[in-house]
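Okay, so here's the structure we're looking at.
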There are 2 protein chains.
Amino acid sequence: MELEKEIKQKSFKSPYHKLVLNILFSASWLNTLQNKTFKPYGISPQQYNILRILRGQQGKAVALSVLQERMIDKMSNASRLVDKLLLKEMVDRKQCPEDRRQVEISITEKGLDVLKQLDDKVNNLENSMSNVTEKEAAEVNRILDKMRD
Amino acid sequence: MELEKEIKQKSFKSPYHKLVLNILFSASWLNTLQNKTFKPYGISPQQYNILRILRGQQGKAVALSVLQERMIDKMSNASRLVDKLLLKEMVDRKQCPEDRRQVEISITEKGLDVLKQLDDKVNNLENSMSNVTEKEAAEVNRILDKMRD
DNA sequence: TCAAAATATATGTATATACATTTAATGTTT
DNA sequence: AAACATTAAATGTATATACATATATTTTGA
């Protein structure tokens, strides 16, 4: 739906002004969808993001700093998010022997299982955007990448 | 910068998958910029959003529910955000006599003054995206609006 | 008219974000 | 090696989000 209707605003002072609000609004919209998807499994979008990064390591453990730099939201607190995942036994954490300042995080069977259950639902979420063509998606990606230069 | 580099990911399984992450990442990026802009004035992006809605009313008071439906982030708690703005004396709140369930919020001189000081900085923020053309901005807007249908 | 439903806002609580500070370990310099 | 700087992670604190529930008022309708 048109952003104008979503936030009941007649017009914007420029396409750039609308662009900023549109990105923020769309992210909030996506976040709400994700929250609903993940909630039944007891995790948040950011916790999901961490689990996905860990699964991508094929079981290998990675330092917390690696999670930090790969997360979508750089401001989220990986240390505390890992705490929460530990409590739910979805990840393991151990001190790195070579550098005892570091901790190494890996995903557990339970974590992998939760991701597996979520895979279909996450795919559906992406497929539900099929009113956008692949070409359009690629075009938005190109422009957003450029916007942040 | 390419999202691939920003979150150190070699590739995405589809343009749609990248699109979701790109919107979330870009929103977080914008949010960080906004936070830095607003922080010296003691307000958050959401508080700024409320002040902007109120200024748009030309001094008229509006019900809390009006703020709620015009805010970019529908999940933010307008009631408590208004509390914060009240403490800073940037808004007024009074009970509506016709319907005492409602409260009417209006912006104060102090609030208008803060917005005025911020206008230039917010414009700069938008102008800094000038590597995106107007046409490209409009194109992203069109596609995002469609995505949320 | 009075009870029930609906509406507007406020509050409670758990979690997350933003950012500063602290703690512990490692590296570097003299 | 001792002093200092750097790095990795954890912690403190204020604010914000997500969502459920409560409170007060108004509307509806039996």
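Since we're looking at a predicted model, the values are computed, not measured. Throughout, protein chains are lettered first and strands after them, A, B, ... in sequence-line order, and every chain is numbered starting at 1.
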Does NZ in Lys36(B) sit with more than 12 non-hydrogen atoms of other residues, nucleotides or ligands closer than 6.0 Å? no

Using a cut-off of strictly less than 4.0 Å between a heavy atom of the residue and any atom of DNA chain C, enumerate the qualifying residues of residues 60-90 of chain B by number. Ala63(B), Leu64(B), Ser65(B), Asn77(B), Ser79(B), Arg80(B)

Reading DNA chain D in the 5' to 3' direction, which nucleotide is the first one with an atom under 4.0 Å from a heavy atom of chain B, and which is the last? dT15(D) to dT26(D)

Mind calculating the distance between CG (Asn31(B)) and C1' (dC19(C)) to the nearest angstrom? 13 Å

Looking at Ala137(B), is its backbone amide N or carbonyl O close enough to the side chain of Asn141(B) to form a donor-acceptor pair, meaning the two atoms are under 3.5 Å apart? yes

Taking for each residue the nucleotide of DNA chain D with the nearest heavy atom, is it Glu98(B) or Glu104(A) whose nucleotide lies nearer the 5' end? Glu104(A)

Counting distance only, does the side-chain N/O of Lys88(A) pair as donor-acceptor with the main-chain N or O of Gly42(A) below 3.5 Å? yes

From the options Val91(B), Leu81(B), Asn49(B), Leu54(B), select the one residue that forms a side-chain contact (heavy atoms from CB on, under 4.5 Å) with Leu67(B). Leu54(B)

Could you check whether the side chain of Arg101(B) and the base of dT9(C) have a donor-acceptor pair of N or O atoms closer than 3.5 Å, going by distance alone? no

Under 4.0 Å, counting only non-hydrogen atoms across every strand here, what does Ser44(B) touch: a base, just sugar-phosphate, or nothing? sugar-phosphate

In terms of heavy-atom contacts, Thr108(B) and Asp92(B) come closest through CG2-N, 3.9 Å

Touch check for Gln47(A), heavy atoms < 4.0 angstrom, all strands: base, sugar-phosphate only, or nothing? sugar-phosphate

Lys10(A) side chain to Glu4(A) main-chain N or O, any donor-acceptor pair under 3.5 Å? no

dT26(C) OP1/OP2 closer than 4.0 Å to side-chain N/O of Arg100(A): yes

Expected output: side-chain Arg93(B) to main-chain Ile105(B) donor-acceptor under 3.5 Å: no

Please collect all ring-ring contact (aromatic ring centres under 6.0 Å, His included) contacts where either partner lies in residues 48-74 of chain B, sequence neighbours excluded, each pair once. Phe38(B)-Tyr48(B)

Nearest-nucleotide check on DNA chain D, Arg93(A) vs Thr32(A); residue mapping nearer the 5' end is Arg93(A)

